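Heads up, the thing below is written out as structure tokens.
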Amino acid sequence: MNKNQEPVLLRMEGIVKEFPGVKALDGVNLTVKAGTVHALMGENGAGKSTLMKCLFGVYHKDGGHVYLEGNEVSFKNSKEALEHGVAMVHQELNQALKRNVMDNMWLGRFPKTGPFTSERKMYDMTMEVFNDLGIKVNPKTVMSSMPVSQRQMVEIAKAVSYNAKVIVFDEPTSSLTETEVEHLFRIINMLRDRGCGIIYISHKMAEIKRISDEITIMRDGQWIATEKADDLEMADIIRLMVGRELTNQFPPKTNVPGEPMLEVRNLTGMYNHVKNVSFDARKGEVLGIAGLDASGRTEVLESIFGIRQRKEGTIKLHGKECKNRNSGESLKNGFAMLTEERRATGIFGVRNIRENTIISSLHRHKKFGPLLGKKSQYEDTQRYIDAMRTKTPSQETQIRSLSGGNQQKVIIGRWLLTESEVLLLDEPTRGIDVGAKYEIYQLIQNLAHDGKTVLMVSSEMPELLGVCDKILVMSGGRLAGEVDAKTTTQEEIMTLAAKFA
Amino acid sequence: MSELKEKGNALKAMNAKDRKRAIGDIMMNNAMFIIIAIAIVLIALKEPAFVSVPSIINIINLTAAKLPIALGVGGCIILAGTDVSAGRQVGLAACIAASLQLTTNKLFPEMGVQAWYVALAAVIVVGAILGFVNGFCMAKFKLHPYIVTLSTQLIIYGIILLYLQLGTNSGQTLSGMNPAYRELITGELFRIGNTVVPMYVLYSVIITIIVWVIWNKTAFGKNMYAVGSNEEAANVSGVNVVRTIIMVFMMAGALYGITGFMDAARIASVNATTGLNYEADAIAACVIGGISFVGGIGKVSGAIIGVLLLQVIFTGLTYLSVDQNLLFIVKGLIILVACAIDMRKYLVRK
Amino acid sequence: MKKILALLLALVMIFGLVGCGGGDSEEGGNEVGEVAVFWYTFGDTYLSSVRAAMNAAFEAEGIVYQDYDANNSQTTQTEQIQTAITKGASVLVVNIVDASSDDATQAILDAANTAGIPVVFFNRSVSEEIVSACETAAYVGTDYTQAGHMQGKMIGEYLVANYEALDLNADGTISYVMFKGQEGNMEADARTQFGVEDADAVLAENGKPALAFYDAANTSKYLLDQNGAWSAAQGQEHMQTLLSKYSEDNGNMVELVIANNDDMALGAISALQAAGYNKEGAKYIPVFGVDATDAAKEKIADKSMTGTIKQDAEGMAQAVVDIAANFQAGVDKFEGIDEANMVGTWRVNIPYSAYTGE
């Protein structure tokens, strides 16, 4: 471990970025050495993304300097950064989904024969990069038909094809399965060994400890510390990030599952592979749903909520059948659902926090006939901004200008306002920092404690074990088994998850 | 007032660079008002009569006449859609309203003059039905609004042509309407000096207030914005997307109906060209007023500003005796420039 | 289920259309093909009355016909003509869209000649050179300059008779406004020009000064329908806007309104009435149009409009039908047409007449 002697690739010094009324970055430093993985950590809104946007010229920085291999640079846009060998693999992939893999790889610099673009060259060049990285994807596949993990691989391959010296990974594992994560780490290690400098942004402690050589921690737009990864314990990282001690990763369980409340029988999807899923959930119970990607976890929740068509199956709440043919009906029947894809099916980007919060509970605000009262809207919204500790300048802020974690908090607030009896949560902590995760776990506990039933899908095994009472394991669209969260092990769940896969 | 003062003080407290940017922001955010003001000042410098009472009332009258259709189109644009059938719908409504108010009726010789509210109800119902067809095709068959309204626009034009051939009319202009009906629309609301402000200005104000309340104070309005900004998310959030889309278009249809009802009396002669190209101006006005094609963005005040700006410019150009052919060029340029300036507000600042 | 429903719906529609079409070509089984009539737009008021008259005339003669609407697009019309030729039309009757394009005329004639089908153009002018070169073509129109000349003469005579009463500001000249229906249309150009020139000529004969356009700064000396639709709405709007600047209070009131057609005149009257003119017991601004539509005749009857020029819709329709029947029968194309109206071997002019309600 001699990496401190490695030459410095990228140095950011005293970076300042101000937005009207907010100092988003206040003199942040970051030094990335060649052949190292440098983790950048911090809570949501700590300024990690802003820092990266300043690097890539998405934002214009108000102060500070950026040096690439000793020369001061100031990129105007991410294309320019790419051409200088600085690449980014985004958290939410921005790709031309209707086009195929190689079109995306060579977008803006199509290889040519004479004046015409050459499909043949493009194909060969793509295959070359893919073989190099051990990626098994047909370059002619249309992007939208591939899972997120593969699309991400394409993004990495694209960065490599630019001969990138510095590659930024923003939450790369948030939608990957275990095996995919392993593959990703192999590639990252390979890139590191070639002398690339990697900036790795993630909330997942275990990953960070495993892969990174150095860690920089940010909080509230300020640089807090840069240490060697070996010198920091997990608790230290959390303490530095949150600025306070967080002794437990999960809140104590206080809920007591009571009488049976929800009864699902023979749930079978119309246009998906979910087949004959039956289970019960008790009042005040947190029921986890585990499984690999594409095991049908999300489809089960969405079928119950009526936004996916069922071919068969009955849903009973308190012994009474609920048809749940669409989200409106499900809401009336006492169901609420947090969807997985926040940007696609969660937020109303251009609308403000308040409208995003109250949209599912408008009937609560009817004051004069069909007219809505303004005061109650403000109060409800404010209550959940406070309760969720959402960081936002005001209720009038467009939700798309918030960080991912804060958007998630707003959406959760939206569903809590409906005061539903059954909450269907699909990956409720995806892309959320440690502090906020704990808050959401606490919230789930409180909901169960108050007698709500929570169904929760998650890819993070420890989370399921720490929060749930029971865990259903899905495999290949079928229910592979049901385990008690207190007694089971990760191994048992993994075995079940592979049963029909 | 104190708010303004506060802002003023805040400005003073800033350093030079910040102040420059803040002033820039304020100007950007009120760009449309500034453009209107500059336009009025420039035109008035050359033609002082432009700011005389009759001229201002003329602009207000014309703005009022075009506001309801703009508000209807505006709702469709907020849904990330559009409505190119608006003009023809106004045309059909005008034909129907006129046909129920003719003193010598060649379309329906047996029928006498109907009460005004019968005509009003008829055009609103017809408008709502056409809106329902538009909305239904969009929501149920997932067709693009442009395609749907492009088709219905043709269908409606066909209906207008057929309608005007009813009885012994054989496609002739409808004219000679019941004076009581004309009085109801164009009668005197009040007068300033010798210039009459007609009743339809009042109606237009009332309609605008109702639309404002619907957009801002009802669940339907909130749902409309939600569907416009993210249809999928709305579908998940318990919003009845299909019903919302249909209702927005029905409301638009009703507004076109009212526009037609007022236009028939205002212009006093109705034929198959009535309403031609109205949608073009209405869409332009909405977009100028910041009702964005992105969906989910737009206010009633935007529609008003848009219609007003267009009207000030058009009227102003006539006052300036600009060559008739140049008018087209100027009109196009103004729409482009105004939209470009307004769009800057919504760009993510970097 | 849905798919079946959609299919059924589509089938019903197709059958419905076939059914509709069948109504017109029921007797199409005999040797002689139908007469295909191409209208530049169904939306034109005057042409609607020609169409009604022509349809009636065809039916009276027992000739099978089919109307086409080009909706103001020459491309559409040319394509419709090609289709009709393939369908086996016996005579083409064409109300050409692009009146100023010789190429469009030539293209239609070429297509018809190749198929050996005669063509009758009507209403919208076509070039003499092209039509007279073709034995199996004819044109039924009006002397398009005549309407303007007659309108100008009518205006001049009316003004001379009522000069003092009409000169509201007593400055000795009459200020006028002219509404033009469309740019690039020969008839509109001629009406705009002669409506004023001929009026001036009459005024000069009687020792009066020429008309003055109300807005000296306007070099084009007319206000235009921006959509080229000759519409009442634009007439109303222009009039309302100009009344906000020019009024009796300001001593610069417009004292005469001339419009290229009746619809625009009616729009202007609406604006005048809103400003308190041309009603019973109110001051009167003379308004002149062209076409003599029923609506305009009513306005003239109730004294809110002054005069119009009558285009003889029935006369035009009858002439067209006669020529088409001659072509079908294989006799001389102008047989039975009033010789006074014939121009050379290619054209029949339907005369205009002044209409002031008397």
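Letters A, B, ... are given to chains in the order of the sequence lines, protein chains preceding strands, and every chain is numbered from 1. In this text the structure is predicted, and so the values were computed from the model without any measurement.
- Looking at C:Lys299, the atoms closer than 4.5 Å to chain B (heavy atoms on both sides) all sit in the side chain, from C-beta outward.
- Between chain B and the options C:Ala268, C:Ala275, C:Ala52, C:Ala217, heavy-atom pairs under 4.5 Å are most frequent for C:Ala217.
- Contact annotation for B:Arg266: both backbone and side-chain heavy atoms come within less than 4.5 Å of a heavy atom of chain C.
- Counting heavy-atom pairs closer than 4.5 Å to chain B, the top-ranked of the candidates C:Thr219, C:Asp249, C:Thr293, C:Leu242 is C:Asp249.
- Contact annotation for C:Asp215: only side-chain heavy atoms (C-beta onward) come within less than 4.5 Å of a heavy atom of chain B.
- For C:Ser304, no part lies near chain B; criterion is any non-hydrogen pair under 4.5 Å.
- Rounding to the nearest 0.5 Å places CG of B:Asn271 at 7.5 Å from OG of C:Ser231.
- C:Gln234 CD to B:Asn277 CG: the interatomic distance, rounded to the nearest 0.5 Å, is 9.0 Å.
- Remark: C:Glu298 CD to B:Ser269 OG distance equals 11.0 Å, nearest 0.5 Å.
- With a threshold of 4.5 angstrom between heavy atoms, C:Asp69 approaches chain B through side-chain atoms but not through N, CA, C or O.
- Both the backbone and the side chain of B:Leu62 come within contact range of chain C, judged by heavy atoms closer than 4.5 Å.
- Per-residue counts of heavy-atom pairs under 4.5 Å with chain B were compared for C:Gln236, C:Lys245, C:Met239; the largest is that of C:Lys245.
- Of the two parts of B:Thr186, neither the backbone nor the side chain holds a non-hydrogen atom closer than 4.5 Å to a non-hydrogen atom of chain C.
- Considering only heavy-atom pairs separated by less than 4.5 Å from chain B, the leading option among C:Gly267, C:Ala53, C:Ser49 is C:Ser49.
- Separation of atoms CD (B:Gln165) and CG (C:Asn55) is listed at 8.0 Å; rounding is to 0.5 Å.
- No part of B:Phe50 comes within reach of chain C, as not one of its non-hydrogen atoms sits under 4.5 angstrom from that chain.
- The OG1 atom of B:Thr173 lies 9.0 Å from the CG atom of C:Asp294; values are rounded to the nearest 0.5 Å.
- C:Phe42 and B:Tyr157 make their closest contact through C-OH, 4.3 Å (heavy atoms, listed as atom of the first residue, atom of the second, distance).
- A side-chain donor-acceptor contact under 3.5 Å links C:Ser244 and B:Tyr319.
- The minimum heavy-atom distance linking C:Thr45 with B:Gln172 is given by the pair O-NE2, 3.1 Å.
- The shortest heavy-atom contact between C:Asn227 and B:Leu276 is ND2-O, 3.7 Å.
- One distance of note links OG of B:Ser175 with CD1 of C:Ile269; it measures 8.0 Å at 0.5 Å rounding.
- If you measure heavy-atom distances from C:Gln273 to chain B, the contacts under 4.5 Å come from the side chain alone.
- When the candidates C:Gly276, C:Ala295, C:Ala296 are compared by the number of heavy-atom contacts under 4.5 Å with chain B, C:Ala295 comes out ahead.
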